[in-house]
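Naming convention: chains lettered A, B, ... in sequence-line order (proteins, then strands); numbering from 1 in each chain. This structure is a prediction, so every number in the text was calculated from the model and none was measured.
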There are 2 protein chains.
Amino acid sequence: MRAAMVINYRNMLKNLDKLLQDKNIRPTAMRLLALEYISSQQTAVSLSDLEAAFHRADRITLYRTLKTFEEKGLVHSIMDGTGSVKYALCEEGCECAPEDLHVHFFCNKCRETICLPMLRIPKIPLPDNFKQEEASLVIKGTCGRCN
Amino acid sequence: MRAAMVINYRNMLKNLDKLLQDKNIRPTAMRLLALEYISSQQTAVSLSDLEAAFHRADRITLYRTLKTFEEKGLVHSIMDGTGSVKYALCEEGCECAPEDLHVHFFCNKCRETICLPMLRIPKIPLPDNFKQEEASLVIKGTCGRCN
DNA sequence: AACCGCCTGCAATTGCATTGCATTGTTTAG
DNA sequence: CTAAACAATGCAATGCAATTGCAGGCGGTT
């Protein structure tokens, strides 16, 4: 049992490691931890969340870690209107247009932001000569847990 | 001709005045000017825009003017992801759910934000137990003018 | 005319995002 | 194996937008 867990944990690290490598991100200890945290969360995480999870780590380093993840397409950022940017893992193989193409939900009760990857942003018929490059749809209300 | 313009200007002020009164906002000089400016713009305005238009006015007063307009339902705010909040007139008779129900467009070239009141945000079929209260859809790209 | 409340202006502060720089750690070329 | 080159980290400082406190001023009411 113990052994199995250790092996699983090792495997997980291997996987996270691979995730980073695949995106050309050097797998440092901090980054592995950050990535582990992000992927363990059901909701999008803010810099403050990360900071709270690793209170011994430097805020700036965490900030740059998130920025790096975003640049390399490992996570995407979400502006949910709370004033602090949230980050969530990109889907496998997604070339994430900056501000992704799926819907995000912000719960007014628990104040968490979640990705709804199965819900794509509908195509909107823009006026003549308008060209769409990105889109961001944030729905606010109460989430399944809070209802 | 001159006389007609004067009369039209007077009428306009009367109209703006009425707009304010209807929303229970006391029509001070500053507010009339701010409202005139906002309604003369084709695009949503930020606090900085207002500040630039009235460089003799106090930034804080302009800030509070916008806040008052928003509270009273005269304008709605738009978070377009630029980091500064934009404001635009609400449609006649709209009870503007905070973060309105129409689509907004942000042009990556001219960096202006515009309302597209004729384009309603489509209804999204949320997962079980999720309740929608508001929604914000911002499309980014290049606008008609910039193409 | 006196009172009261809203509006305005100035000062100061918060909060999040961002950059500069020196140090440490890791990779790579010789 | 070592040194140079580069990347990541930690600390300090700054930028920028939003926000609040307070005092004075103005308008409207009694």
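- With ring centers used as reference points, B/Tyr87 lies 6.0 Å or more from B/Phe69.
- When atom types are taken as modelled, the side chain of A/Arg120 and the backbone of A/Pro117 share a donor-acceptor pair closer than 3.5 angstrom.
- In terms of position on DNA chain D, the residue among A/Thr28 and B/Arg26 whose nearest nucleotide sits closer to the 5' end is A/Thr28.
- Atom pair B/Ile25:CD1 and D/dG27:P shows a separation of 19 Å (rounding to whole Å applied).
- Here salt bridge (charged side-chain N to carboxylate O under 4.0 Å, His left out) pairs that include residues 43-63 of chain B, with residues two or more places apart or in two chains, are B/Glu51-B/Arg59.
- Side-chain atoms of A/Phe106 and A/Arg111, non-hydrogen and from C-beta on, do get closer than 4.5 Å to each other.
- Counting heavy atoms from C-beta outward, A/Cys115 and A/Ile78 have side chains that approach closer than 4.5 Å.
- Applying a 4.0 Å cut-off to non-hydrogen atoms, the residues of residues 41-64 of chain A that approach DNA chain D are A/Asp58, A/Ile60, A/Thr61, A/Arg64, listed by residue number.
- Rounded to whole angstrom, the span from the CE atom of A/Met30 across to the C1' atom of D/dC11 amounts to 16 Å.
- The interatomic distance linking A/Asn24 (CG) with C/dT27 (P) rounds to 14 Å, in whole Å.
- B/Ser48 places none of its side-chain heavy atoms less than 4.5 Å from the side chain of B/Ser84.
- Rounding to whole angstrom units, CZ of residue A/Arg31 and P of C/dG25 are separated by 16 Å.
- Separating the CG atom of A/Leu33 from the C1' atom of D/dT9 is a distance of 14 Å, rounded to the nearest angstrom.
- One can place CD of B/Glu71 at 13 Å from P of C/dC6, the figure rounded to the nearest angstrom.
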